[in-house]
2 protein chains.
Amino acid sequence: MTERSTESRRPTIKQVARLAGVSHQTVSRYLRSRDGLKPTTLARIDAAVSELNYRPNLVARSMRTRRTGRLAVLLPTMVFNPARMLHGATEAAHEAGFTVEAISVIGDTEARTERMLELAGTGQVEGILALAPLSPRGEDQLPHGETIIVAADFDDQMRGIGELADASPLVEIIERLAELGHRRFFHVAGNLQFASARARKTAYLETVERLGLESAGVVDGDWSGKSGYDAVRSLADEEMPTAVVAANDVVASGAIRALVDRGLDVPGDVSVTGWDNNEVCLYLPPSLTSVEINLEGMGRNAMLSLVKAVTGRDLEPAPRPLQHVIWRESTGPARPR
Amino acid sequence: MTERSTESRRPTIKQVARLAGVSHQTVSRYLRSRDGLKPTTLARIDAAVSELNYRPNLVARSMRTRRTGRLAVLLPTMVFNPARMLHGATEAAHEAGFTVEAISVIGDTEARTERMLELAGTGQVEGILALAPLSPRGEDQLPHGETIIVAADFDDQMRGIGELADASPLVEIIERLAELGHRRFFHVAGNLQFASARARKTAYLETVERLGLESAGVVDGDWSGKSGYDAVRSLADEEMPTAVVAANDVVASGAIRALVDRGLDVPGDVSVTGWDNNEVCLYLPPSLTSVEINLEGMGRNAMLSLVKAVTGRDLEPAPRPLQHVIWRESTGPARPR
DNA sequence: CAAGACATAGTGATCGTTCACTATTTGCGG
DNA sequence: CCGCAAATAGTGAACGATCACTATGTCTTG
């Protein structure tokens, strides 16, 4: 009791207190805010802290305060580069005094949902932002309503902010292509577990209908280049569209390859559009007409709604719009018949 | 929504114990391993746990055990898709009973190092795996040598596993291109803060030297398409190489565009190689000769060395090789003069 | 100068779990 | 049925911080 073997262990608040000649509670006050301490006391604690190189044990603090100050972000698997969204989200969380940890779950939607429930149930984080699709059963099984979950890309059953699924640029794409004389379109969709893929598909169908255009159909894909390639290969010559609207740039690259393999020129015979503004597609000829996404802004706004739900605080949202079409070489006027 | 009582707290181990009619310690034993409990006791606890929907409070557990079971992975900013490496790392950590959290730090190397020190100092994680470059000062300032840090892409001053920086495929690329008659090469390097970029640059210089080839020089870039574009544009006509070895696929795409803009054909006039096997580069013509990386394997092996350092346990490494060249349309025989 | 208000500092309880012991029950040979 | 070891279960302290409350010091004020 008298002499602990203290050397190997990190210093505690009591050791700081003893060294500074004050009570542990005074040191605790010092840690939270330095107001309300006499300057001499403050100086003594300052000295003790730096002499011991003391840092508070956040686990112990969390235990007592029942707050972890941590938010989790659930990332999808291998689908798109989440780094930029993560940055926007992290920045917003920092402003609200939170730490962010990103959790990448191996496996499918069910596995991800399971892991999310585990995280929520063991009190490790105060909130979870899911950028990946979750299973609808998640909502019910939430243990005690303490961990708040916001899903950014799942708007059917759970709260979703919908911004990720804003497909309005696709409407602009089709309208503009129609102005350029295109009459027959084709859409290769992404993985329909994603709200964004569903929204783009819906926007495609509605816009084609509204403008009285023809459609060679919609193929449900999985965001892969192969899905774009296969979809275009599956078309018969006589049903070939003059414009292919792909769910993203990777799908578009597969579609372009299939068109080239069939001896068609892009954009001479067929125009192609993507989504994401992939850096490679900006350079490789033909440079791809795509949708630039402010991923940091998306991440920020998604995190904003989580922070709002957890703390009630409102932060400044990212400036709009978050997406806009960039027209490049892969699109052009429809070839007259 | 159902109303939730403000006082509803998560059930604790003692509540479970009371409901099951046993002591809290018995429940604790149940949580750790179910051996050594009488079947009837076990069944009673089972029932109590599921009735209360109990999950242990991991913060409290961490407090007592002084172990968090968490490892952190520090990710680089916007440079490459870390999701796949993260998966490999997570899988390996799971095998060793750890949870992984990925931390993406806004800012430069210094900011990242600062955040790492903070993480290490507050006892939040047991180890840190840095996939992003760190500042060398990190090593010294480590508070109490408790948190172990392994840097996967920083091999100058800190421990590094080096695998990420294995540039041997680049040697193979140059040798093969030399066999195809190429004599004059050019290299656009990546951000030299990365060990991988340095290794590729070194391998380029050494191999060109060893084989007695000519070099149009090395341009230090930043992994961006623009750096590839600008590097090729900066070349005078008379110094134009017949083969451009780019640090990665994005750089290669910029280089290809610059070559095409100058009226050169790829691979007719100039062969181009990349690195990463970007999916888009597989489809867009000309498909790019690149280096396929087993990113999951890289992540796994990086995590292995962290797990080894933290626990002493050896896990099964990923099967080798982790990288191999895939030859595609962007490379071909040198055009005879 | 006494008394109350305010500023500052201290004491002990507490968060939920595991650790280190101690206590009780069970099993089994003689 | 006894005795003793092994199996099983219980008791209270400890982890390192904050919270709620109490205690002391200092400054006004009538």
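If you're wondering where the values come from, they're calculated on a predicted model, not measured in any experiment. FYI, side chains are in, hydrogens and waters are out, and symmetry mates aren't considered; it's all heavy atoms of this structure. By convention in this document, chain letters (A, B, ...) are assigned in the order of the sequence lines, proteins followed by strands, and residues within each chain are numbered from 1.
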Gap between atoms [atom1] and [atom2], on [X] and [N] respectively (whole Å):
X     : N      : atom1 : atom2 : answer
A/Q15 : D/dC15 : CD    : P     : 11 Å
A/N57 : C/dC15 : CG    : P     : 18 Å
A/L31 : D/dT18 : CG    : C1'   : 10 Å
A/R67 : D/dC19 : CZ    : P     : 11 Å
B/R55 : C/dT17 : CZ    : P     : 13 Å
B/I13 : D/dA9  : CD1   : P     : 14 Å

Base, sugar-phosphate or nothing for [X]? Non-hydrogen atoms, less than 4.0 Å.
X     : value
A/R32 : sugar-phosphate
B/L58 : nothing
A/T41 : sugar-phosphate

Check whether the side chain of [X] and the base of [N] form a donor-acceptor pair under 3.5 Å.
X     : N      : value
A/R61 : D/dT18 : no
A/R64 : C/dG16 : no
A/R66 : C/dG16 : no

I'd like to check the side-chain hydrogen bond (donor to acceptor under 3.5 Å, both in side chains) partners of A/T26; sequence neighbours left out, ordered by chain and number.
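Here the qualifying residues are A/S23.
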
Distance test, side-chain N/O of B/Y30 to OP1/OP2 of D/dT8, below 4.0 Å
no

With a 4.0 Å cut-off, would you call B/R70 and A/E101 a salt bridge?
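The answer is yes: the pair qualifies as a salt bridge.
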
Check A/E126 with A/R66, please: is the shortest side-chain N to carboxylate O separation under 4.0 Å?
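Salt bridge flag = no for A/E126 with A/R66.
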
What are the two closest non-hydrogen atoms of [X] and [Y], and how far apart are they?
X      : Y      : answer
A/A92  : A/L304 : CB-CD1, 3.7 Å
A/V307 : A/A96  : CG1-CB, 3.6 Å
A/M63  : B/V59  : N-CG1, 3.6 Å

Ignoring hydrogens and angles, tell me if any N or O in the side chain of [X] forms a donor-acceptor pair with the backbone of [Y] under 3.5 Å.
X      : Y      : answer
A/T311 : A/K308 : no
B/R300 : B/E316 : yes
A/S28  : A/H24  : no

Between the protein and nucleotides 25-27 of chain C, list the N/O to N/O atom pairs that are separated by less than 3.5 angstrom.
none

Between B/M63 and B/T40, which is nearer to the 5' end of DNA chain D once each is assigned its nearest nucleotide?
B/T40

Identify, residue by residue, the members of residues 18-26 of chain B with a heavy atom below 4.0 Å from DNA chain D, and return them in order of residue number, or none.
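Contacting residues: B/V22, B/S23, B/H24, B/Q25, B/T26.
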
